[in-house]
Amino acid sequence: MKLTFCLPEISTFPTGGYKIIFEYANRLSDRGHDVSLVFLTHNVLNRVTKNKKIKSIVGNLRGRNEPSWFNLRSNIKKITTPYLDGREFPEADFIFATAVSTAEIVKSLPLRYGKKCYFIQDFETWILPEDKVIESYNYGFLNFTVSNWLNDIVKSHTEDSVFCLPNPIDTEVFRIINPVEERNPFHLAMLYHEGEHKGISYAIKAIDIVKDKYPNIGVNVFGVPDRPSFLPDYYHYTQKATQNQLQELYNDTAIFVCATIDEGFGLTGAESMACGCALASTSYSGVFEYAVNGENALLSPVKDSQALADNIIKLINDSALRFRIAKEGGKNIRQRSWEKAIDYLELILERASQL
């Protein structure tokens, strides 16, 4: 099959949503499908020019070596374009919108660009008003969601087809190398993200509480922006970490800290569990896709730094609990097979192609 994924912009830094799309692209390509990625550049240089020819040139220059942080298969076609009318899109059997900002664009394309699908990775009300997000679920696409809670939301707002494809984890990369029992219990890790929904201020406050009790705490932090100036010296910052760097970082960590307020899944929490970290997280919607409080993670209410700190301290103090949580988490995540996800996606597309 010929498959196209339409992405909102060029991906110059690591993000969970793009990582999932790139993994699908690679694995579908490995199975013999003809895969194209279309990166939209209509918003490039908006403050400087509206000239699409200039945007096309700049977009192609910027996109030539991207994504530099992810190893795409060499036979996957990359197209950067500011034209939203499809003139530079390849003809295909199926085309996927990958965000609410691309759904309207895909909707308007002629049928020769493929039957239309929608890869829904979150309830994206920070991009468009809620009614517009819900409207996008009713475009007559094949809707795919990355989590069960999101699947329920989409199903409640549309009579169109909805299929759940829970995010898998690449356990060939994200795996235990450093045994859980040999890790320093005072080594924590967290993602730094500027989005308010990630709850970073609550995570930092929780770690401050832990630091008062255990002065020898160290925190492995990774993120896209430059190192924030307000982070203390005991936060060790890695900018734009590669997958191999993340593997090493997770394996140097005993406890992964997440203070997210709202998110569709939470890829880094799942990756950390696959690498043997004990997860101390807030109980936001997406975390329940892979975390069960007291079984493979310790969960606390959102925006409650003290409760999050208490769980971190509990995992530091109780080695047996920390080992059990970490091992159970790793075992659960290893069941999230990419092979099953690709099998299911192929089955749906094959059936749809016969309609």
Side-chain angles (χ1 to χ4, degrees), residues 5 15-21 23-24 27 96-100 103 117-127 130 133-139 141-171 174 191 195 197-199 256 258-274 279-302 325 328-349 351-352:
F5 293 90
T15 62
Y18 275 78
K19 181 187 289 188
I20 291 295
I21 298 299
E23 283 284 1
Y24 272 108
R27 292 168 189 273
F96 288 78
T98 59
V100 69
C117 307
Y118 188 6
F119 205 85
I120 303 167
Q121 302 194 66
D122 210 333
F123 191 42
E124 298 174 291
T125 52
W126 66 90
I127 296 177
E130 183 172 323
V133 174
I134 291 169
E135 182 181 323
S136 73
Y137 302 154
N138 292 279
Y139 286 165
F141 294 0
L142 294 176
N143 294 310
F144 295 91
T145 62
V146 301
S147 57
N148 287 289
W149 76 270
L150 189 55
N151 204 63
D152 291 341
I153 289 176
V154 177
K155 276 189 169 181
S156 71
H157 290 295
T158 185
E159 294 183 0
D160 293 340
S161 300
V162 185
F163 304 94
C164 189
L165 279 173
N167 279 340
I169 300 298
D170 186 352
T171 53
F174 299 107
L191 167 71
H197 67 289
K198 291 289 189 177
F256 190 81
C258 174
T260 293
I261 297 167
D262 186 32
E263 190 171 10
F265 185 78
L267 203 57
T268 55
E271 289 174 350
S272 75
M273 292 167 75
L279 177 65
S281 174
T282 48
S283 52
Y284 67 94
S285 300
V287 79
F288 293 105
E289 294 300 311
Y290 51 83
V292 180
N293 186 39
E295 293 187 17
N296 63 3
L298 293 186
L299 305 179
S300 55
V302 298
I325 291 287
E328 192 64 25
K331 184 172 72 174
N332 294 153
I333 294 298
R334 283 191 292 275
Q335 296 171 6
R336 306 183 70 91
S337 164
W338 265 105
E339 290 301 309
K340 290 180 182 177
I342 298 296
D343 286 345
Y344 186 43
L345 177 58
E346 283 185 324
L347 177 64
I348 295 167
L349 296 182
R351 288 176 176 173

For a quick test of reading the model, state the closest non-hydrogen atom pair linking [X] to [Y] and the distance between them.
X: Thr260; Y: Val302; answer: O-CG1, 3.7 Å
X: Phe141; Y: Cys117; answer: CD2-O, 3.7 Å
X: Lys198; Y: Glu263; answer: NZ-OE2, 2.6 Å

Run the salt bridge (charged side-chain N to carboxylate O under 4.0 Å, His left out) test against Lys155 and tell me which residues pass, sequence neighbours left out.
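By the salt bridge (charged side-chain N to carboxylate O under 4.0 Å, His left out) rule, Lys155 matches no residue at all.
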Can you list the residues that meet the side chain to side chain contact (heavy atoms under 4.5 Å, CB included) rule with [X], with sequence neighbours excluded?
X: Ile153; answer: Phe123, Trp149, His157
X: Tyr344; answer: Phe163, Leu165, Ile348
X: Glu135; answer: Lys132, Tyr139
X: Ala274; answer: Ile169, Phe174, Ile333

Has [X] got a side-chain atom pairing as donor or acceptor with [Y]'s backbone, closer than 3.5 angstrom?
X: Ser283; Y: Ser300; result: yes
X: Glu289; Y: Ser147; result: no
X: Asn143; Y: Tyr137; result: yes

To the nearest 0.5 Å, tell me how far [X] [atom1] sits from [Y] [atom2].
X: Arg27; Y: Leu345; atom1: CZ; atom2: CG; value: 13.0 Å
X: Glu271; Y: Leu279; atom1: CD; atom2: CG; value: 12.0 Å
X: Asn151; Y: Ile120; atom1: CG; atom2: CD1; value: 8.5 Å
X: Thr282; Y: Leu299; atom1: OG1; atom2: CG; value: 8.0 Å
X: Tyr118; Y: Ser161; atom1: OH; atom2: OG; value: 15.5 Å
X: Ser285; Y: Leu150; atom1: OG; atom2: CG; value: 9.5 Å

In this structure, which one of Asp170, Asn167, Leu267 forms a side-chain contact (heavy atoms from CB on, under 4.5 Å) with Lys19?
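The side-chain contact (heavy atoms from CB on, under 4.5 Å) with Lys19 is passed solely by Leu267 among Asp170, Asn167, Leu267.
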Using side-chain hydrogen bond (donor to acceptor under 3.5 Å, both in side chains) as the criterion, list what pairs up with Trp338, not counting sequence neighbours.
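By the side-chain hydrogen bond (donor to acceptor under 3.5 Å, both in side chains) rule, Trp338 matches no residue at all.
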Ring centroids only, cut at 6.0 angstrom: are Phe119 and Tyr24 within range, meaning strictly under it?
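Distance test on ring centres: under 6.0 Å, yes.
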Would you please test Phe265 and Tyr290 for ring-ring contact (aromatic ring centres under 6.0 Å, His included) and show each step?
CA-CA 9 Å; Phe265 185 78; Tyr290 51 83; 5.1 Å; yes
Do [X] and [Y] have side-chain heavy atoms sitting under 4.5 Å apart?
X: Lys340; Y: Pro168; answer: no
X: Tyr284; Y: Asp262; answer: no
X: Phe288; Y: Asn148; answer: no
X: Gln121; Y: Ile21; answer: yes
X: Asn293; Y: Leu298; answer: yes
X: Leu347; Y: Asp343; answer: no

